[in-house]
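Presented below is the structure to which this report refers.
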Amino acid sequence: DTEVTQTPKHLVMGMTNKKSLKCEQHMGHRAMYWYKQKAKKPPELMFVYSYEKLSINESVPSRFSPECPNSSLLNLHLHALQPEDSALYLCASSQADYGYTFGSGTRLTVV
Amino acid sequence: KNEVEQSPQNLTAQEGEFITINCSYSVGISALHWLQQHPGGGIVSLFMLSSGKKKHGRLIATINIQEKHSSLHITASHPRDSAVYICAGITGNQFYFGTGTSLTVIP
């Protein structure tokens, strides 16, 4: 298995909703990442988990809450989002410099 | 100034043309990725380079560490190559993304 699987692919949520994005990989990668990408912009790093511990939090608002239950799973819990949080959320994983693998993303729309 | 600069920002080519996208970086990196993203889609890693040259099908990527410069070449371009191509430098867990080159190949 050489993929990073993200679910759901599309999500529409209201500003009072609570939802979660899920990311899964079975390549044994020990670093996992959440990125946010707005249209026509490069991805922006949000969080990095290394060996299941949060190692980088790029000053992301607390309405985004990451969780790494085990070495294969990465979640992003969403609560009280704003319309400007609508974006493509990408998950990636890596192992040292052996390469990065990105998921296909979750297209989030906040209404 | 961005740590990773790409050129051109937009590129339109006729099917069959040879295409070159350039990337220059100003930070120390351990490797450089070329990434492809189709409209509305996820990112696919095309190459990871730390030196020299790599080839995969019609795609060729080169890197010159001394000059901090990399190029992505597409031979015999095809409409399905239309996408955004992003170069990204890597050091540790930190990615430095270029702003991307939007490529359109016209039949």
Side-chain angles (χ1 to χ4, degrees), chain A residues 2-10 21 23-25 27 29-58 68 74 86-109, chain B residues 1-11 21 23-25 27-52 54 56 61 63 65 72 82-104:
Chain A
T2 58
E3 289 187 351
V4 171
T5 303
Q6 287 188 246
T7 54
K9 292 194 184 312
H10 301 274
L21 309 185
C23 174
E24 194 167 0
Q25 57 88 15
M27 295 176 281
H29 288 180
R30 302 314 298 265
M32 295 185 76
Y33 310 76
W34 280 116
Y35 288 89
K36 174 183 175 181
Q37 187 179 26
K38 301 286 271 187
K40 299 188 187 301
K41 297 285 187 187
E44 297 173 18
L45 183 65
M46 299 175 74
F47 301 105
V48 180
Y49 272 83
S50 181
Y51 291 86
E52 298 156 55
K53 287 187 168 40
L54 184 63
S55 63
I56 296 177
N57 176 346
E58 293 284 353
C68 190
L74 185 65
S86 298
L88 180 69
Y89 288 84
L90 290 158
C91 175
S93 70
S94 71
Q95 181 69 12
D97 283 338
Y98 295 144
Y100 285 68
T101 303
F102 285 85
S104 56
T106 293
R107 176 72 59 190
L108 175 68
T109 303
Chain B
K1 190 177 188 297
N2 207 25
E3 291 92 350
V4 179
E5 299 279 351
Q6 279 184 243
S7 62
Q9 287 191 333
N10 297 285
L11 182 56
I21 300 170
C23 175
S24 297
Y25 54 93
V27 291
I29 61 173
S30 56
L32 185 132
H33 266 256
W34 279 101
L35 310 169
Q36 180 194 55
Q37 187 171 32
H38 284 98
I43 290 176
V44 174
S45 177
L46 299 173
F47 296 102
M48 187 178 77
L49 291 163
S50 53
S51 65
K54 286 190 177 179
H56 185 245
I63 190 167
I65 301 293
L72 176 70
S82 299
V84 174
Y85 292 84
I86 304 169
C87 73
I90 303 155
T91 178
N93 283 336
Q94 182 72 39
F95 253 115
Y96 297 93
F97 288 98
T99 50
T101 295
S102 179
L103 171 66
T104 303

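A, B, ... follow the sequence lines: proteins, then strands. Residue 1 opens every chain.
Of the residues considered (A/E44, A/K41, A/Q37), A/Q37 shows the highest number of contacts with chain B, using heavy-atom pairs under 4.5 Å. Annotation: maximal heavy-atom pairing with chain B below 4.5 Å, among A/S55, A/P42, A/P43, occurs at A/P43.
Looking at A/S50, only its side chain comes within 4.5 Å of chain B, counting heavy atoms on both sides. Using a 4.5 Å cut-off between heavy atoms, A/T101 makes no contact with chain B at all. Neither the backbone nor the side chain of A/Q6 has a heavy atom closer than 4.5 Å to any heavy atom of chain B.
The environment of NZ in A/K38 is crowded: more than 12 heavy-atom neighbours from other residues, nucleotides or ligands sit within 6.0 Å.
A/Y35 has its side chain within reach of B/F95: a pair of non-hydrogen atoms, C-beta onward, lies under 4.5 Å apart.
Taking all atoms of both residues into account, the shortest heavy-atom contact from A/F102 to B/I43 is CB-O, 3.2 Å.
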